[in-house]
Amino acid sequence: MTKSIERELGCTLLNRTTRRVELTAAGHQLHEEAKGILAAVEAGLRRVRDADRGVRRLLVAFSPGLHVSEAIRAFGEHHPEVEIDVIPARWWEKDLPLRDGRAQVGFLRRPFDDTGLSVVPIGREPRVACLPTSHHLACRQELALADLEGEPVLDTPTRRRTTSAEEKFELIASGHGIALVPLSVARTYSRPDLTHVPVTDLPSEEACLVAPTTTREPLVLAFLDIATTALRGAWCLLRQ
């Protein structure tokens with residue numbers, strides 16, 4: 001079966017030896033693409049079942065480290081009859097859940113492709129260097145990019161790409177590199193063997209509410225209105 005797929009695609013998906021079989025880079029990519037396709041199909045089937053049962057449901061995607069709970073609570077006070085599902089928008093997906101139907105609205109962190117999307121800015125946050133506590137720079141109060149020259153930074157074009165925040169921080173803790181992440185991500189994945197230090201000359205990142213520009217769904221429009229107020233208020237308190 002795999003051989004026929006490889007012939008159709010024109011690339012090798014598995015490295016095969018007499019002792020082991022492992023995915024190639026193309027195989028890993030196909031695996032990730034397939035997960036997204038299956039998730040989109042499942043989302044479509046769930047909408048069909050909801051329509052049959054008369055269930056009103058809102059699907060909200062969120063980037064790692066961003067907390068959409070304030071908006072969900074505020075929305076629930078006005079629309080207690082609506083069921084809300086939350087969907088992690090992983091770093092390699094960005095806006096994809098909004099495009100493949102898994103989510104109707106997102107609380108996302110730039111950069112992402114905003115073509116065909118309505119974007120409501122919520123706030124900006126600094127980025128920090130996440131380091132193992134044993135690192136020679138871990139005791140610094142702040143850093144500049146020049147201080148990090150020569151450091152192996154994960155998730156850059158020339159360094160190892162991770163598939164989850166958990167993998168990223170496990171690699172950092174074990175001494176396999178450092179990462180430059182938004183402050184909220186560092187706080188969310190706080191652990192005793194890691195520390196984070198502000199990097200003064202890194203540009204900040206913007207968090208936004210996002211929905212397709214074509215949407216006319218009353219629930220989505222109501223959520224955007226309520227969430228904008230709730231999240232901006234929560235953002236101001238968080239940054240104080």
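This one's a predicted model, so the numbers in the text were calculated from it and none came from an experiment.
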**Fill in**
Closest non-hydrogen contact found for Leu221 with Thr215 is CD2-O, 4.3 Å
**Message:** Using the side chain to side chain contact (heavy atoms under 4.5 Å, CB included) criterion, which residues pair with Glu206? Sequence neighbours excluded.
**Reply:** Arg110, Pro121, Arg124, Cys208
**Prompt:** With Ala165, which residues qualify under side chain to side chain contact (heavy atoms under 4.5 Å, CB included), at least two apart?
**Reply:** Phe169, Tyr189
**Fill in**
Residues passing the side-chain hydrogen bond (donor to acceptor under 3.5 Å, both in side chains) test with Thr214, sequence neighbours excluded, are none
**Asked** Would you say the side chain of Leu58 lies within less than 4.5 Å of the side chain of Val220, judging by non-hydrogen atoms?
**Response** yes
**Request:** Considering non-hydrogen atoms only, spot the tightest contact between Pro132 and Thr195 and give its length.
**Result:** O-CG2, 4.5 Å
**Donor-acceptor under 3.5 Å (Asp201 side chain, Leu145 main chain)** = yes
**Item:** Side chains of His196 and Leu183 in contact at under 4.5 Å (non-hydrogen atoms)
**Value:** yes
**Item:** Student check: side-chain heavy atoms of Val60 and Ile87 closer than 4.5 Å
**Value:** no
**Prompt:** What pairs with Asp225 under salt bridge (charged side-chain N to carboxylate O under 4.0 Å, His left out), at least two apart in sequence or on another chain?
**Reply:** none
**Fill in**
Minimal heavy-atom distance between Ala89 and Ala61, with the atoms involved, is CB-CB, 4.4 Å
**Prompt:** Per the side-chain contact (heavy atoms from CB on, under 4.5 Å) rule, which among Val153, Leu154, Asp155 passes with Leu180?
**Reply:** Val153
**Prompt:** Under 3.5 Å, is there a donor-acceptor pair between the Ser174 and His176 side chains?
**Reply:** yes
**Message:** Are the side chains of Arg57 and Val82 in contact, using a 4.5 Å heavy-atom criterion?
**Reply:** no
**Request:** Could you check if a side-chain atom of Pro126 sits within less than 4.5 angstrom of a side-chain atom of Leu202, using non-hydrogen atoms only?
**Result:** no
**Prompt:** Shortest non-hydrogen contact from Leu224 to Ala211?
**Reply:** CD1-CB, 3.9 Å
**Message:** Among residues at least two apart in sequence or on other chains, which ones pass salt bridge (charged side-chain N to carboxylate O under 4.0 Å, His left out) with Glu205?
**Reply:** Arg109, Arg127
**Closest non-hydrogen atom pair, Val197 against Arg140** = CG1-O, 3.5 Å
**Complete:** Hits for salt bridge (charged side-chain N to carboxylate O under 4.0 Å, His left out) against Glu170, two or more places apart or cross-chain, chain-then-number order -> Arg191
**Message:** According to side-chain hydrogen bond (donor to acceptor under 3.5 Å, both in side chains), who are the partners of Glu217, at least two apart in sequence or on a separate chain?
**Reply:** Gln104
**Message:** According to side-chain hydrogen bond (donor to acceptor under 3.5 Å, both in side chains), who are the partners of Thr115, at least two apart in sequence or on a separate chain?
**Reply:** Asp113
**Asked** With ILVMFWY side chains joined below 4.5 Å, transitively, what does Val119's cluster contain besides itself?
**Response** Leu98, Leu108, Phe112, Leu117, Val210
**Request:** May I ask you to decide if Gly116's main-chain N or O and Thr213's side chain share a donor-acceptor pair within less than 3.5 Å?
**Result:** yes
**Message:** I'd like to check the side chain to side chain contact (heavy atoms under 4.5 Å, CB included) partners of Gln141; sequence neighbours left out, ordered by chain and number.
**Reply:** none
**Asked** So, Glu125 and Ser204: side-chain donor and acceptor under 3.5 Å apart, yes or no?
**Response** no
**Message:** Just so I know, are the side chains of Val86 and Ile72 near enough to count as touching, which here means a heavy-atom distance under 4.5 Å?
**Reply:** yes
**Request:** Apply the test side chain to side chain contact (heavy atoms under 4.5 Å, CB included) to residues Leu143 and Thr200: give CA-CA distance (whole Å), side-chain angles for both, the deciding distance (0.1 Å), then the verdict.
**Result:** CA-CA 6 Å; Leu143 296 167; Thr200 57; over 6 Å; no
**Complete:** Those residues at least two apart in sequence (or on a different chain) that pass salt bridge (charged side-chain N to carboxylate O under 4.0 Å, His left out) with Glu81 are Arg56
**Prompt:** With a 4.5 Å limit on heavy-atom distance, are the side chains of Ile178 and His135 in contact?
**Reply:** yes
**Item:** Residue list, ring-ring contact (aromatic ring centres under 6.0 Å, His included) with Phe75, at least two apart or on another chain
**Value:** His79, Phe223
**Asked** Just wondering, do Glu70 and Arg73 contact through their side chains at under 4.5 Å, heavy atoms?
**Response** yes
**Item:** Minimal non-hydrogen separation, Cys130 against Leu194, with atom names
**Value:** SG-CD1, 4.2 Å
